[in-house]
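Just below is one structure, and these are the notes that go with it.
The structure presented is a predicted model; accordingly, all values stated were derived computationally and were not measured. Count residues from 1 along the sequence.
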Amino acid sequence: MSSPSTPTRGRPARLDQARTIETALELLDESGLDALTMRRLADAMGVQAGALYRYFATKQDLLTAMAERMLADVIPPTDDGDWSERLTGLARSMRTALLAHRDGARVYAGTHSTGANTLGFADAAVGVLREAGFGDEGAARTLMAMANFTLGHTLEEQAALQPGNEAPADVGRLREAVTAGAYPHLAATLPVLTSTDFTAHFEFGLRLLVEGLKAHRERQA
């Protein structure tokens, strides 16, 4: 007996949008974004590539749907704690959701989903800030700053840690170039600059963002 995704003679396979997105995420985890093509996805679904265009007119549409699905794993903020703790909790949860998939940040970058997961995440962040007394403009700009910082950091983190990368060699070249040249300040900070403790890097940047927001809020009071 054929499965729902296996074509039978004279009958096209039945497609399900949600299952197609999950299959695309599985392929992403297996081989990375560069290897994810509409044809390969169609093969995994047991259909012709053209059948996918029923749901996704372009590969970018597929990536947007995948990004929307990834944000389903973001944990919404609770009412406990002050606004800064709730905001940083959202940023940490976004990073975790992107790290859960190989090249997750690359998939997310440049997408503009209007799905419930993406809009719910944005609304939660803006709500935390407005309830804390930030004006509408400040709340919106803070959302963009927080999301852009989290995305940018995670892009660099995944690029450094992806399978088959040359990060150790890059670190070695950086260390050699710095110590061989007249860069005393970089030489003094090399242990941190070459550290792969990306959680520490992320938390430091997040603290700077929150401390700046607190200072801004006090000036506006």
Exercise for the section: Establish whether Met66 and Tyr55 are linked, either directly or via other cluster members, by ILVMFWY side-chain heavy-atom contacts under 4.5 Å. Expected result: yes

Practice task
Please answer whether the main-chain N or O of Glu85 pairs with a side-chain N or O of Thr88 as donor and acceptor at a distance below 3.5 Å.
Solution key: yes

Practice task
Answer yes or no: are there more than 12 heavy-atom neighbours, outside Leu119 itself, under 6.0 Å from its atom CG?
Solution key: yes

Handout entry: Asp73 to Ala97 - nearest heavy-atom pair and separation
Key = CB-CB, 4.4 Å

Fill in the blank from the handout: CG (Leu206) and NE2 (His153) are apart, to the nearest 0.5 Å, by 10.0 Å

Completion exercise
On a heavy-atom basis, the closest approach of Phe121 and Leu143 is CE2-CD1, 4.5 Å

Exercise for the section: Working to the nearest 0.5 Å, report the span between OG1 of Thr23 and CG of Leu28. Expected result: 12.5 Å

Handout entry: Cationic N near anionic O, under 4.0 Å, Glu137 to Arg141
Key = yes

Practice task
Give the intermediate values and the outcome of side-chain contact (heavy atoms from CB on, under 4.5 Å) for residues Leu99 and Gln158.
Solution key: CA-CA 7 Å; Leu99 287 175; Gln158 290 190 310; 3.7 Å; yes

Fill in the blank from the handout: Closest non-hydrogen atoms of Leu27 and Arg40, given as atom of the first, atom of the second and distance, are CD1-O, 4.0 Å

Problem - Heavy-atom closest contact (Phe56 atom, Met38 atom, distance) - result: O-CE, 4.0 Å

Practice task
Measure across Leu15 and Ala51 and return the closest heavy-atom pair with its distance rounded to 0.1 Å.
Solution key: CD1-O, 3.3 Å

Problem - Pairwise side-chain contact, Leu186 with Leu174, heavy-atom cut-off 4.5 Å (strictly under) - result: no

Exercise for the section: Please lay out, stage by stage, how Thr150 and Leu90 fare under the test side-chain contact (heavy atoms from CB on, under 4.5 Å). Expected result: CA-CA 10 Å; Thr150 302; Leu90 277 169; over 6 Å; no

Practice task
State whether the side chain of Glu68 and the backbone N or O of Ala116 hold a donor-acceptor pair below 3.5 Å, judged by distance alone.
Solution key: yes

Handout entry: Leu62/Leu41 under side-chain contact (heavy atoms from CB on, under 4.5 Å): CA gap, chis, key distance, verdict
Key = CA-CA 10 Å; Leu62 172 65; Leu41 176 58; 3.7 Å; yes

Exercise for the section: Drop me the distance from Met70's CE to Ile21's CD1, to the nearest 0.5 angstrom. Expected result: 11.0 Å

Problem - Under 3.5 Å donor-acceptor, Asp197 side chain and Ala200 backbone - result: yes

Handout entry: Distance-minimising heavy-atom pair for Arg102 and Asp29
Key = N-OD1, 3.1 Å

Problem - Student check: side-chain heavy atoms of Arg69 and Val107 closer than 4.5 Å - result: no

Practice task
For residues His112 and Thr64, determine if any side-chain heavy atom of one lies less than 4.5 Å from a side-chain heavy atom of the other.
Solution key: no

Handout entry: Reported OG1-to-CG distance for the pair Thr111 and Asp61, which is rounded to 0.5 angstrom
Key = 11.0 Å

Exercise for the section: Check the pair Leu87 / Thr142 against side-chain contact (heavy atoms from CB on, under 4.5 Å), numbers first and verdict last. Expected result: CA-CA 10 Å; Leu87 185 68; Thr142 298; 4.1 Å; yes

Handout entry: More than 12 heavy atoms from other groups under 6.0 Å of CD on Glu22
Key = yes

Problem - Interatomic spacing from CG in Leu213 to CD in Glu218 - rounded to 0.5 Å - result: 11.5 Å

Exercise for the section: State the CZ-OG1 distance between Phe202 and Thr154, to the nearest 0.5 angstrom. Expected result: 6.0 Å

Practice task
Determine the sole option in Arg95, Arg92, Glu157 for which the side-chain hydrogen bond (donor to acceptor under 3.5 Å, both in side chains) test with Thr199 is passed.
Solution key: Arg95

Practice task
Taking the side chain as every heavy atom from C-beta outward, state whether Trp83 and Arg86 have any pair of such atoms under 4.5 Å apart.
Solution key: no

Practice task
Determine whether Leu33 and Leu155 fall in the same hydrophobic cluster, where Ile, Leu, Val, Met, Phe, Trp and Tyr are linked whenever their side-chain heavy atoms lie under 4.5 Å apart.
Solution key: yes

Handout entry: Aromatic plane relationship, Phe198 with His201 - under 30° parallel, 30 to 60° tilted, over 60° perpendicular
Key = perpendicular

